[in-house]
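Note sheet for the following structure.
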Amino acid sequence: YQRRVHGDFNMFSRKLGKKILSSVLAMGGLGLIGANMFHQQNLLVEAQPVNNEPRRDPWARSKNGDKIKNPEKIMLISGNANKPLAEGIAKHLGSTLANSVVGKFSDGEVNIQIKENIRGKDVYIIQPTCPPVNDNLMELLLLISTARRASAKEVTAVIPYYGYARQDRKMASRVPISAADVARLLETVGVDRIIAMDLHCGQIQGFFSPRVPADNLDGSAVLLEYITENKTLFSDPNNIVVVSPDAGGVYRAKKFQERLIGRGFNGSGLAMIIKQRKAASQIERMDLVGTVDGKDCIMIDDIIDTAGTVCEAAKELKGKGAKKVYVFASHGLFSGDAFKKIAASQIDKMIVTNSIPLKQGTVPEKITQLDVSTLLAETIRRISQKESLSNMFDQFQSVSYTHLRAHETSLHLVCRLLLEKKKQIQ
C-alpha cells in the first residue's frame, strides 16, 4: 500500500512538473513575442545614427555639376521622349549629349544616326517609354541596336518610366505578359544594363536575365527632400498619415512612413484604402482602413493615369475627417481628362516627378513637378566609376529595412490594418 501511494505521488509530481515547465515555457515565449513586438513598434522612433556628425550628402557631386571621371569614355544619347530630362542629367555630370539624329522618314519609320564616334565607349541611352509608348519604345530599341553595331563597349538603357509595366502577369486567359516581352526585346537588341525608377512591380527586374542587371531607383527620396524642406505644407508635421491607395502599395507606403519618422516626423501613421473595381479605371467602392480624422494625408502611388482612383480616394479621406490630402506619384501620365478631374477634386496638392514630360494643355496649379535628373545623374556617375548605388540612399535610411521585412511583410501589414478596421467597426 505504501509502495502504491509512493508511486502515485511520484506520478503526480512528474505531471505537475511538466505542467509547470510548459507554463514557464509558454510565458517565456509570450514574453519574447511581446518584447519583439515592443521592439519593432519602437524601432523606428528610437533608431538614431551612431555618429552624431552631420552626414555627407551622397548626391553632392551631381548637385554641383562636377565632371564625371574619364568623360572621354562616356557617351550620353537621348531619344525624343524627354529631352529636357536628358539635358539635365548631362548638366549634372558636367557633360553634354552626343550629337545624334532621332527623327522619322516620310513614311513614319524611325530614323536614327549617331554622328560621333562611340567605338569602345560606355553608352547611356536616356529614353523613358512614355506616351506615345510604341514610338518611344521603337526609338529606344533602335538606339541600342545602333550603339551595339557601332562597337560600343557597354550599352546602358536609362528608362525612368518603363512602359507596359502594368502588364506584369496574366490576369485573364490568352493575354500577354507585356512587361516581360519588352524585357526580351531590350535584351535581344543588345542592352547590357537597365536603370529604371519606381517600377510598377519590383519583380520586373527578374524579367531580365542575370546577364543584364536591372537597377530600380527609389524616386520617393526626391519627395522626402521636398517635404523636409517644406514642412509648412502641413498643419502639424507630427500629425501625418501616409496612405496607400490600394493593398498592393502598402509596402511602398510603409517604407515611406519609416523614412518620414527617420527625418523627425515621429507622429506619422499608416492607412490603406481598399478599392473594388467594376473594370479597368472604374471603381465601384472604396473602404478606408486606418484613422485620418484631423490629420494631413500623404497618398503614395507609382503612376497617375486617368487620376480617377486618387480623386475618389481624396474624397473618401476628406469625408473621414482629413484636413489636407497630398498625392505623390513617381510618374504622371495624366491620360484623358485627368487635369480636369484633378482641378475639380479635393486634392490639395499633387506632386509628380519629371520622369514623364507634362502633357500640353492647362496644367492645374495643384500639380508640382520635381526634378529627378540629379538622382539619375548620380546613378550614372556611380555605375561608371564602379561605386555602390545603395550608398546613395544612406541619408534616407535611418532604420534597418532588412530587420523590419523579416518581421512584417506586406501581407502582415495588410492583416494588421484590417484588424484595426475590425476593432473600429466593433
Side-chain angles (χ1 to χ4, degrees), residues 73-91 93 95-167 176-197 204 207-208 212 214 303 305 331-336 354-361 372-373 376 380:
K73 296 181 179 180
I74 306 298
M75 189 68 68
L76 303 174
I77 300 174
S78 174
N80 292 320
N82 199 340
K83 265 286 179 63
L85 176 61
E87 290 168 352
I89 292 170
K91 181 180 177 181
L93 291 172
S95 183
T96 57
L97 296 175
N99 183 14
S100 60
V101 173
V102 183
K104 289 187 177 181
F105 291 109
S106 57
D107 60 354
E109 293 179 357
V110 177
N111 175 24
I112 302 285
Q113 185 181 11
I114 300 172
K115 295 191 173 183
E116 296 185 32
N117 178 28
I118 61 173
R119 184 180 297 275
K121 296 187 178 182
D122 293 335
V123 176
Y124 294 86
I125 299 171
I126 304 163
Q127 177 82 338
T129 51
C130 51
V133 181
N134 296 329
D135 288 350
N136 290 330
L137 178 59
M138 183 55 69
E139 283 184 10
L140 175 61
L141 293 171
L142 293 181
L143 281 168
I144 294 170
S145 175
T146 303
R148 181 55 64 205
R149 294 174 189 273
S151 302
K153 180 182 178 183
E154 189 172 273
V155 181
T156 300
V158 182
I159 314 174
Y161 172 71
Y162 187 98
Y164 289 101
R166 286 176 284 181
Q167 300 180 49
I177 303 178
S178 303
D181 297 332
V182 170
R184 286 288 186 89
L185 288 170
L186 291 168
E187 282 197 58
T188 301
V189 294
V191 75
D192 292 296
R193 190 183 195 101
I194 299 293
I195 299 173
M197 187 182 79
I204 290 174
F207 292 160
F208 295 91
V212 180
I303 299 172
D305 192 357
H331 313 294
L333 291 169
F334 303 117
S335 305
N354 62 342
S355 63
I356 300 173
L358 286 176
K359 289 175 60 179
Q360 296 296 324
V372 292
S373 59
L376 295 168
I380 292 173

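At distances below 3.5 Å, at least one donor-acceptor pair connects side-chain atoms of E139 with backbone N or O atoms of N80. One N or O on the side chain of Q127 and one on the backbone of N136 form a donor-acceptor pair closer than 3.5 Å. H331 contributes a side-chain N or O that, together with a main-chain N or O of M197, makes up a donor-acceptor pair within less than 3.5 Å. Looking only at distances, no side-chain donor or acceptor of T156 sits under 3.5 Å from a matching main-chain atom of I125.
Taking all atoms of both residues into account, the shortest heavy-atom contact from F208 to A214 is CD1-CB, 4.1 Å. Across A98 and I77, no two heavy atoms sit closer than the pair CB-CG1, 3.9 Å. The nearest pair of heavy atoms linking R119 to S151 is NH1-OG, 3.2 Å. Considering every non-hydrogen atom in both I118 and A147, the closest pair reads CD1-CA, 3.6 Å. The shortest non-hydrogen separation linking L140 to A157 is CD1-CB, 4.2 Å.
Looking at heavy atoms from C-beta onward, L85 lies in side-chain contact with P160 at the 4.5 angstrom threshold. Looking only at side-chain heavy atoms (C-beta outward), Y161 and I303 come within less than 4.5 Å of each other. Side-chain contact between F334 and L358 is present, with heavy atoms from C-beta onward closer than 4.5 Å. You'll find the side chain of C130 stays beyond 4.5 Å of the side chain of N82, heavy atoms only. Looking at M75 and I114, their side chains never come closer than 4.5 Å, going by heavy atoms from C-beta outward. Side-chain contact check for N134 versus Y164: some heavy-atom pair is nearer than 4.5 Å. Contact annotation: the side chain of D181 never approaches that of Q167 to less than 4.5 Å [non-hydrogen atoms, C-beta and beyond].
In this structure, NZ on K91 lies 13.5 Å from OG1 on T96, to the nearest 0.5 angstrom. Distance check, rounded to the nearest 0.5 Å: CG of L76 to CD of E87 gives 11.5 Å. Here the OH-CG distance, from Y162 to L137, works out to 8.5 Å after rounding to the nearest 0.5 Å. The CG atom of L97 sits 10.0 Å away from the CD atom of E116 when rounded to the nearest 0.5 Å. Between the OG atom of S355 and the CG atom of L333 there is a distance of 8.0 Å, given to the nearest 0.5 Å. Taking CD1 of I89 as the reference point, atom CD1 of I126 lies at 4.0 Å (rounded to 0.5 Å).
Take N354 and apply the side-chain hydrogen bond (donor to acceptor under 3.5 Å, both in side chains) test, not counting sequence neighbours, and it matches D371.
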Ignoring hydrogens and angles, write down the donor-acceptor pairs under 3.5 Å from the side chains of residues 184-193, residues two or more places apart or on other chains.
{"unit_1": "E187", "atom_1": "OE1", "unit_2": "S209", "atom_2": "OG", "d": "2.9"}
{"unit_1": "E187", "atom_1": "OE2", "unit_2": "S209", "atom_2": "N", "d": "2.9"}
{"unit_1": "T188", "atom_1": "OG1", "unit_2": "R184", "atom_2": "O", "d": "2.7"}
{"unit_1": "D192", "atom_1": "OD1", "unit_2": "R148", "atom_2": "NH2", "d": "3.3"}
{"unit_1": "D192", "atom_1": "OD2", "unit_2": "R148", "atom_2": "NH2", "d": "2.1"}
{"unit_1": "D192", "atom_1": "OD2", "unit_2": "V155", "atom_2": "N", "d": "2.8"}
{"unit_1": "R193", "atom_1": "NE", "unit_2": "D215", "atom_2": "OD2", "d": "2.9"}
{"unit_1": "R193", "atom_1": "NH2", "unit_2": "D215", "atom_2": "OD2", "d": "3.0"}

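Pairs passing the side chain to side chain donor-acceptor pair (under 3.5 Å) check and including a residue from residues 98-111, sequence neighbours excluded, read K104-D135.
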